[in-house]
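Here's the structure we're looking at; comments come further down.
As the structure is a computational prediction, the values presented were derived from the model and not from experiment. All heavy atoms count here, side chains included; hydrogens, waters and symmetry mates do not.
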Amino acid sequence: MLDVTVIEDPAAAEISLDPIRARLLAELAEPASAAMLAAKVGLARQKVNYHLKALERHGLIELSGERRKGSVTERLMRATAASYVISPLALAEVQPDPARFRDQLSARWLLAVAARLVRDVGALVTGAAKARKRLATFALDGEVRFASAADRAAFVDELTRGVGDLVSKYHSESAEGGREHRLVIALHPAVKAEAVEARPTGEPSAASKAAEASAASEAAESSAAVEK
């Protein structure tokens with residue numbers, strides 16, 4: 001089982017977003033039969049089998065083994081990954097395009113850049129898996145607490161200059177055998193883990209409410225900084 005995989009096919013994305021099938025995917029972190037799942041999710045075995053066939057058809061689950069139970073041979077299924085990410089390719093006609101506009105201080109442009117990152121890395125992971133080759137990537141994740149909006153702005157300025165110096169040092173336009181790499185650096189207010197939660201369709205998440213409060217607070221802080 002993979003740690004995470006990307007769903008690029010629109011039909012597979014639709015299948016995975018069905019609440020019952022999403023629950024079955026979560027349960028299939030460990031191999032289970034339709035009968036075992038039926039008892040857990042409260043559905044008839046035949047109904048569970050129907051959903052399992054749809055998930056298997058789109059590559060979201062796979063056969064893990066078989067076992068005899070009386071005169072019946074049960075198929076044990078498991079999820080192909082512990083977690084799934086839906087690529088913007090699943091919404092190809094309306095996927096975000098960072099090239100349409102560029103605003104380094106826009107959260108929506110950051111979303112477009114992040115969506116492209118999911119799309120591109122997902123495609124690279126898929127290609128590397130088919131070629132049975134290792135994919136060379138690097139990621140850095142961390143948190144920093146700023147005392148003020150002015151400190152955050154100073155940090156961004158120093159970071160931009162520092163990265164620019166590194167790019168100038170190592171970028172080679174004409175090196176034989178060289179390969180282009182995309183560099184993405186993002187900074188945004190942290191969201192508490194407990195604020196990221198499932199919610200009924202149409203209702204704002206706790207994370208969204210926290211973000212609104214954070215935005216209002218930062219706007220007031222920035223205004224105060226300007227007034228000073």
Honestly curious: do [X] and [Y] fall in one hydrophobic cluster under the side-chain, below-4.5 Å linking rule?
| X | Y | result |
| --- | --- | --- |
| Leu60 | Leu89 | no |
| Leu43 | Ile61 | yes |
| Ile185 | Val156 | yes |
| Val113 | Leu105 | no |
| Val6 | Leu117 | no |

Test applied, side chain to side chain contact (heavy atoms under 4.5 Å, CB included); reference residue, Ile15; option that passes from Leu25, Asp9, Ile7, Leu55: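 Of the listed residues Leu25, Asp9, Ile7, Leu55, the side chain to side chain contact (heavy atoms under 4.5 Å, CB included) partner of Ile15 is Leu55.
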
Arg23 and Ile20, any side-chain heavy atoms less than 4.5 Å apart: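 Side chain of Ile20 against side chain of Arg23, heavy atoms only: no contact under 4.5 Å found.
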
Leu28 side chain reached by Leu37 side chain, heavy atoms, under 4.5 Å: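 When only atoms from C-beta onward are counted, Leu28 and Leu37 do touch, with a gap below 4.5 Å.
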
Charged N to carboxylate O under 4.0 angstrom, [X] versus [Y]?
| X | Y | value |
| --- | --- | --- |
| Lys169 | Asp165 | no |
| Arg75 | Glu62 | no |
| Arg78 | Glu30 | no |

Locate the shortest heavy-atom distance separating [X] from [Y]; write the atom from each residue and the value.
| X | Y | result |
| --- | --- | --- |
| Arg108 | Phe101 | C-CZ, 4.2 Å |
| Glu74 | Ser33 | OE1-OG, 3.5 Å |
| Ala38 | Val48 | CA-CG2, 3.8 Å |
| Arg102 | Gln104 | NH2-NE2, 3.9 Å |
| Ala79 | Tyr84 | CB-OH, 3.5 Å |
| Ala112 | Pro98 | O-CG, 3.5 Å |

Exam field: side chain Ser16 to backbone Ala13, donor-acceptor pair closer than 3.5 Å: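 Yes, the answer is positive, given that a donor and an acceptor are paired below the 3.5 Å cut-off.
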
CZ on Arg21 to CG on Leu24, rounded to 0.5 Å: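 Between atom CG of Leu24 and atom CZ of Arg21 there are 9.0 Å.
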
Donor + acceptor pair across side chains of Arg119, Ser87 (<3.5 Å):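 Per modelled atom types, Arg119 and Ser87 side chains form no pair under 3.5 Å.
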
